[in-house]
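Below: the structure, in structure tokens.
All values reported here derive from a predicted model rather than from experimental measurement. For ligands, and for the atoms within them, numbers begin at 1 and follow the listed sequence.
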Amino acid sequence: MDTNDPVREARLLVEWLRGAAGRYAWSDETDASAPRAPTPAGRPTAAGAGGAAGTTRAPVGAGIGGAAPTAPVPAAAAERDAAAPPGATTPSGGPDPFDALRADADQCRRCRLCETRSTVVFGEGPRRPRLLVVGEAPGADEDATGRPFVGKAGQLLTKMLAAIGLAREDVYIANVLKCRPPDNRPPEPDEVAACRPFLDEQIRLLDPELVLALGNPAAKALLGTDRGITSIRGQLRTLADGRRVLPSFHPSYLLRTPEAKRESWLDLQLVARTLGLSLPSRPSADERDE
Ligand code: URA
């Protein structure tokens, strides 16, 4: 992206505010027919939940902030080799640690939310994502389907990613909580603490280049701050373990507060710059009519 071209920047901002960033509708309305964004060169594309393994990566580092999980995750702790293709065994013959982590989460009864959930929403995306998006917790649609960010906020998230040339399938999408809080109430601190080891292990095993923390609970969990999202959004942090985290507004907040899309767009451009992505160019009239 040419960040020195103010005219292009201004045009993209106007398109963003109008709800038409790049070749993708970016209104709050559902547009299930929107075409997929191109896969960034050199990155594998995953198919569906769990995703497929792609290229090999450098060894994974410590969890976020280098901090130890607040409680051990037995299945994942049993095997800490680099992540392998789903269903694969590790060199020591054990189950793939990411699959083991998911299986562990599926059985989780560490907090009261297990009593009311329909499904555990572990997360989905490629096993070698460049970007990990972390939201708050599953809502009703996610609880019903077992997939993260599939409701209205999820549809907006898909459009936000598309605006910087990322297909939803290119990124891993997860939440701080893997189970829906009743009536979508905010997560309780003990629920976050109980679920935290799963997120820490996801980050460690996925080893993304950048974590996009959407909303207060995600920013608080990942950055250990009590500062509100409005004051810290857009500030790229590098944690002690070298992991980069960008806090930004949650799509649900953007649905309620459309004027905040302006800041959100700045944050998305920072995501694109951090990952070295080129923003999609403005579509021709023909393309828009596709
Ligand atoms: N909001 C979230 O934070 N996560 C979801 O998966 C859906 C809505």
Side-chain angles (χ1 to χ4, degrees), residues 26 28-32 46 48-51 64 101-102 105-106 108 111 113-114 116-126 129 131-162 166-189 191-196 198-200 202-203 206 208 210-223 228-230 232-233 245-258 260-261 264 267-268 271:
W26 206 89
D28 298 342
E29 301 306 316
T30 302
D31 180 9
I64 209 94
L101 184 67
R102 174 189 288 274
D106 282 344
C108 182
C111 82
L113 298 182
C114 69
T116 49
R117 73 178 180 224
S118 299
T119 55
V120 173
V121 183
F122 181 71
E124 68 180 20
L131 179 66
L132 167 64
V133 175
V134 179
E136 179 175 324
D141 295 315
E142 292 77 19
D143 183 56
T145 60
R147 300 181 59 209
F149 278 102
V150 291
K152 267 209 134 193
Q155 287 153 16
L156 181 56
L157 174 63
T158 300
K159 291 171 183 175
M160 291 162 65
L161 294 170
L166 287 172
R168 182 186 158 95
E169 292 79 9
D170 293 330
V171 310
Y172 200 94
I173 303 177
N175 285 302
V176 173
L177 294 188
K178 311 305 184 206
C179 298
R180 182 191 182 203
D183 303 320
N184 299 340
R185 63 156 170 74
E188 297 286 353
E191 294 161 357
V192 174
C195 219
R196 179 64 194 261
F198 292 112
L199 181 60
D200 283 339
Q202 282 179 310
I203 294 169
L206 293 168
L210 178 64
V211 181
L212 181 62
L214 297 178
N216 273 317
K220 184 174 179 179
L222 294 171
L223 297 170
I229 192 71
T230 306
I232 61 170
R233 61 135 284 276
V245 178
L246 180 67
S248 189
F249 290 135
H250 192 285
S252 298
Y253 175 75
L254 296 175
L255 289 170
R256 297 191 303 272
T257 320
K261 283 184 184 177
S264 174
D267 299 350
L268 288 170
V271 170

Does A137 reach ligand 1 with a nitrogen or oxygen that is under 3.5 Å from one of the ligand's nitrogen or oxygen atoms?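 It does: an N or O of A137 is found under 3.5 Å from an N or O of ligand 1.
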F149 to ligand 1: N or O pair under 3.5 Å?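 There is such a contact, yes.
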Exactly one of N175, L199, V245 should register a side-chain contact (heavy atoms from CB on, under 4.5 Å) with V134. Which one does? L199
If you measure from the Lys or Arg side-chain nitrogens to the Asp or Glu carboxylate oxygens, is any gap between [X] and [Y] under 4.0 Å?
X: D200; Y: R196; answer: yes
X: E191; Y: R185; answer: yes
X: R233; Y: D267; answer: yes

List ligand 1 atoms under 4.0 Å from [X], heavy atoms only on the residue side.
X: H250; result: 1 (N), 2 (C), 3 (O)
X: G135; result: 3 (O)
X: E136; result: 2 (C), 3 (O)

CG/L156 to CG/L161 distance, rounded to the nearest 0.5 angstrom? 9.5 Å
Considering only heavy atoms, which of N175, D141, T145, V121 lies nearest to atom 4 (N) of ligand 1? N175
